[in-house]
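What follows is a short report on a single structure.
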Amino acid sequence: MDLGSGTGELTYQLAQHFPKSKTIAIDIAIGMLQVSQLNFPVHNVYKACADVDQLPLRNDSCDLVFSNLMLQWSPDYQRSLKEIWRVLKPNGILLFSTLGPDTLRELRYCWKKIDNYPHVHSFIPQKSLMQAISKNRFSSASIEIKHYYRYFFKAIDLMKELKMLGASNMQSGRSKSLLSKKKLYGVFEEYEKFRNKQDMLPARYETYFILATKAP
């Protein structure tokens with residue numbers, strides 16, 4: 001199962017890697033599944049529009065659950081892990097990537113200079129994530145952490161990309177009022193402090209790669 005399959009590119013690679021298996025692409029956005037079907041019409045891929053917390057699969061039905069950069073957007077990642085555990089077979093494998101709290105560090109710093117509201121999504125700390133995996137009865141888990149950077153000419157380009165990706169701030173303490181131009185331009189000015197020698201603005205992504213196994 002490819003959980004949070006998006007445009008289907010990685011689903012296609014899974015299906016190619018396991019040609020004798022049935023691959024299930026699951027995404028909460030029907031539009032993404034339609035794009036996937038258009039771009040990668042593979043015979044052994046089945047698609048379902050569903051929430052990670054209510055998967056339309058039987059208990060112990062999947063050998064492998066793969067997920068790329070989806071879990072950090074779950075309102076309750078512990079509940080999501082519990083549901084993933086339910087559909088995995090004994091000795092089944094969970095292989096996923098997610099983002100750590102050092103992600104978008106520069107943007108978070110800039111917003112803190114402007115007001116006291118959280119404007120950047122809070123990502124899952126490594127310790128909390130590994131504890132949740134252990135709590136949800138995965139027998140073993142390993143993690144690899146890497147930092148990646150995206151570079152932009154202007155801070156507004158980063159914000160536009162985050163909006164396009166659906167990377168919304170879902171924190172309960174966020175401001176409910178409309179964002180003023182004064183605050184936005186203030187963020188842009190603060191972000192200029194991070195401009196590098198190549199005249200670009202960096203955006204950091206702390207990425208966790210995790211492999212976990214369901215106990216037999």
What's the separation between atom [atom1] in [X] and atom [atom2] in [Y], rounded to the nearest 0.5 Å?
X: Ile156; Y: Tyr185; atom1: CD1; atom2: OH; value: 8.0 Å
X: Glu83; Y: Leu3; atom1: CD; atom2: CG; value: 9.5 Å
X: Glu106; Y: Thr103; atom1: CD; atom2: OG1; value: 9.5 Å
X: Leu99; Y: Tyr208; atom1: CG; atom2: OH; value: 9.0 Å
X: Ile28; Y: Ile30; atom1: CD1; atom2: CD1; value: 11.5 Å
X: Lys127; Y: Gln131; atom1: NZ; atom2: CD; value: 5.5 Å

[atom1] ([X]) with more than 12 external heavy atoms under 6.0 Å:
X: Met32; atom1: CE; result: no
X: Phe40; atom1: CZ; result: yes
X: Phe153; atom1: CZ; result: no
X: Arg86; atom1: CZ; result: yes

Side-chain (Ser139) to main-chain (Thr213) donor-acceptor, under 3.5 angstrom: yes
Polar side-chain atom of Ser97 near backbone of Leu69 as donor-acceptor pair, under 3.5 Å: yes
Side-chain heavy-atom pair [X], [Y] within 4.5 angstrom cut-off:
X: Leu158; Y: Leu201; value: no
X: Thr207; Y: Glu144; value: no
X: Ile145; Y: Phe209; value: no
X: Val45; Y: Asp2; value: no
X: Asn91; Y: Lys214; value: no
X: Val187; Y: Leu107; value: yes
X: Phe96; Y: Met70; value: no
X: Phe18; Y: Asp63; value: no

Centroid-centroid distance, Phe188 to Tyr191, less than 6.0 Å: no
Ring centers of His121, Phe123 separated by less than 6.0 Å: yes
Kindly give the heavy-atom pair with the smallest separation between [X] and [Y], and that separation in Å.
X: His147; Y: Asp102; answer: NE2-OD2, 3.5 Å
X: Val42; Y: Asn44; answer: CG1-OD1, 2.9 Å
X: Pro101; Y: Glu206; answer: N-OE1, 3.3 Å
X: Arg108; Y: Ser122; answer: NH2-CA, 4.4 Å
X: Ile133; Y: Ala212; answer: CG2-CB, 4.1 Å
X: Pro56; Y: Ala50; answer: CD-CB, 3.5 Å

hydrophobic_cluster_shared for [Y] and [X], side chain cutoff 4.5 Å:
X: Trp85; Y: Leu57; value: yes
X: Trp73; Y: Ile84; value: no
X: Leu94; Y: Tyr77; value: yes
X: Ile143; Y: Phe138; value: yes
X: Phe152; Y: Val120; value: yes

Test log, rule side-chain contact (heavy atoms from CB on, under 4.5 Å), inputs Ile210 and Met130: CA-CA 9 Å; Ile210 297 174; Met130 298 308 284; 4.2 Å; yes
Partner residues of Asp53 under the side-chain hydrogen bond (donor to acceptor under 3.5 Å, both in side chains) criterion, sequence neighbours left out: Ser80
